[in-house]
Colleague: 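Have a look at the structure that comes next, please.
Note that these values count all heavy atoms, side chains included, but never hydrogens, waters or copies made by symmetry.
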Amino acid sequence: MKQMKKSLSGILAAVLWISAMSGCAAEKPDSAFRQNMTAAATAPLDEKILLTDTVTSQDGTAEYTICLNQQLTSPPLPIAQAVPHRLTGEDVKRVAQALFADAVFYEREHEENAAYSKEQLQKRIRWMTELASREALTELYGGEEYVEDTLESLRFWLQKYTVQMETAPTENPHTPCEWTFQKDRHYAASYNSWGDDWIIATVDFGEVNYNVFAVRRDAGRDKLNRISVQLGDGLGNADVEMRYLRAKLCRTPKPTREQIDSLKEKAQAMLNRMGMGQWEISFAGVIEEHYGSATEYQVQLCATPVFQGVPALYGQQIPCLAGDVASDYHISTATFHFSVNGDLIYFDLDAPLEIKSIVNDGAAILPTETLLERTKEYLARYGVDSQYLVFFPMEWHQKPLSCKVSVDRLEFGLLRTAAEKKDGSFYYTPAFGVYGRVSYYDKESGEPVRLPSGFPDVEIDRPLIWVNAVDGSLIEEA
């Protein structure tokens, strides 16, 4: 059966799911931050961190073993005030052209009126015919779980496209993309509408076709500015087409360090051409997925925005998107997935921003001893069911859980924190990211709990909490 360490979500599903993550209350930001944000640092950070300790959560369900032995060095970091960048059609066009140089982009029709030329239909019929057997689908999925449903779907679309061939035009029926935002109903009728503005374009690049999807939301529970790219045109049997293309492109040997470094350079060059502000690759990893005896590899690269030459730390998440002081805007990130051979598998630029002002070129921070004491206090607040420790649905295990957390790394850098909710702005401030590894246990028996496929591996360091280094507060609202 298929065993997956990480899976990708569809663009529309991801956007709609993330948009629902709002509605929790928030406290006013600590006035100490406002009072301290203009104080200037008198020296760079250069300290040896040695700390061994054990902290138990107040509810007794999480045990944190802290073992820190690292040198933290950094010049004084800035505090920047930023605001959301509202996407324009020209933005979307530049990003698409940076990803697919010299390609021609076409407007995607409404999902109920998809049009294809004879050549385009023949291409779809070829790959569907290639898959239209139990043997081929078992190999594709690594098991029989999805075979019958997929086979039925393939037969339906093969019959539909065969009939369409009789009247399909010889010439390409698509019109060039105008890069103009339209209301979502212009493209689709099958999604609950928040009145979003969309652009959906299709492009053939080499032997692979893609869809470029941009969404802009100005009203509602959270603001949204996002550009994503996925395999396929997103129509018809879209999930199967995406699975087919990923298998075709990603069943390769495991990437080498040299290949990963080369793809980092490729992604950074693309970011530099996009004209969406300064970004820097801040994370590189390998996604390994197993489908029966077949293994697929993708190189995942993530970038964060840069302020005064300093990139934000990677991995910050927002527990909620709405509240008294929340900015109602996603954390700004850019994500690339490549095949080992350099094919683009997935791209997502979420929440671009504009720098409103540099509040402080080099901000003073609290003593590290104070910040470490605050860190222990904050960890004690969070048991196994907190949003910081749960990386899978709690109901999956169906019994009470406990966890052990190995806290083994700090990172010092810029992280986002909320501003008073007046103009939708937010700050990037010097902060500590606290990282560790989480292992889960059945609370009653003490037996280890193995996570289902598709959820994070316990061997991977993940961010646990974020501590504002200027005032020592826990960053819960961003």
Colleague: Would you check if F336 and L99 make a side-chain contact, meaning some heavy-atom pair closer than 4.5 Å?
Modeller: yes
Colleague: Show every donor-acceptor pair shorter than 3.5 Å between a side-chain atom in residues 42-49 and any protein atom, with sequence neighbours excluded, or say none if there are none.
Modeller:
residue: D46; atom: OD1; partner: Q71; partner atom: NE2; Å: 2.9
residue: E47; atom: OE1; partner: T368; partner atom: OG1; Å: 2.6
residue: E47; atom: OE2; partner: T368; partner atom: OG1; Å: 3.4
residue: K48; atom: NZ; partner: N69; partner atom: OD1; Å: 3.0

Colleague: Of all residues at least two apart in sequence or in a different chain, which pass the ring-ring contact (aromatic ring centres under 6.0 Å, His included) check with F307?
Modeller: Y428
Colleague: Could K183 and D197 be called an ion pair, given the rule that one side-chain N must be under 4.0 Å from one carboxylate O?
Modeller: yes
Colleague: Restricting to side chain to side chain donor-acceptor pair (under 3.5 Å), what partner residues turn up for N360, sequence neighbours left out?
Modeller: none
Colleague: Tell me every residue that passes ring-ring contact (aromatic ring centres under 6.0 Å, His included) with F100, counting only those two or more places apart in sequence or in another chain.
Modeller: F205, Y210
Colleague: Kindly state whether the ring of Y427 and the ring of F33 have centres lying under 6.0 angstrom apart.
Modeller: yes
Colleague: Rounded to the nearest 0.5 Å, how far apart are CZ of F283 and CD of Q300?
Modeller: 5.0 Å
Colleague: Could you give all pairs that pass the salt bridge (charged side-chain N to carboxylate O under 4.0 Å, His left out) test and reach residues 294-312, with sequence neighbours left out?
Modeller: R243-E296, R251-E296
Colleague: Closer than 3.5 angstrom, by distance alone: can the side chain of S262 be matched with the main-chain N or O of E258 as a donor-acceptor pair?
Modeller: no
Colleague: How would you list, by chain and number, every residue that makes a side chain to side chain donor-acceptor pair (under 3.5 Å) with S74, sequence neighbours excluded?
Modeller: none
Colleague: Got a sec, which residues hit side chain to side chain contact (heavy atoms under 4.5 Å, CB included) with A431, two or more places apart in sequence or on another chain?
Modeller: L415, I475
Colleague: Can you give the donor-acceptor pairs under 3.5 Å from side chains of residues 269-279 to other protein atoms, not counting sequence neighbours?
Modeller:
residue: N272; atom: OD1; partner: Q268; partner atom: NE2; Å: 3.0
residue: N272; atom: ND2; partner: Q268; partner atom: O; Å: 3.3
residue: R273; atom: NH2; partner: A98; partner atom: O; Å: 2.8
residue: W279; atom: NE1; partner: M276; partner atom: O; Å: 3.0

Colleague: In chain order, what residues pass the ring-ring contact (aromatic ring centres under 6.0 Å, His included) check against F432, with sequence neighbours excluded?
Modeller: F412
Colleague: Which residues satisfy the side chain to side chain contact (heavy atoms under 4.5 Å, CB included) test with T54, sequence neighbours excluded?
Modeller: E63
Colleague: Once side chain to side chain donor-acceptor pair (under 3.5 Å) is applied, do any residues pair with Y435, and if so which ones, sequence neighbours excluded?
Modeller: none
Colleague: Main chain of G342, side chain of K266: is a donor-acceptor contact present, judged purely on distance under 3.5 Å?
Modeller: yes
Colleague: With distance as the sole test, does N225 use its side chain to make a donor-acceptor pair with the main-chain N or O of L87 at under 3.5 Å?
Modeller: yes
Colleague: Apply side chain to side chain donor-acceptor pair (under 3.5 Å) to D408 and list each qualifying residue two or more places apart in sequence or on a separate chain.
Modeller: none
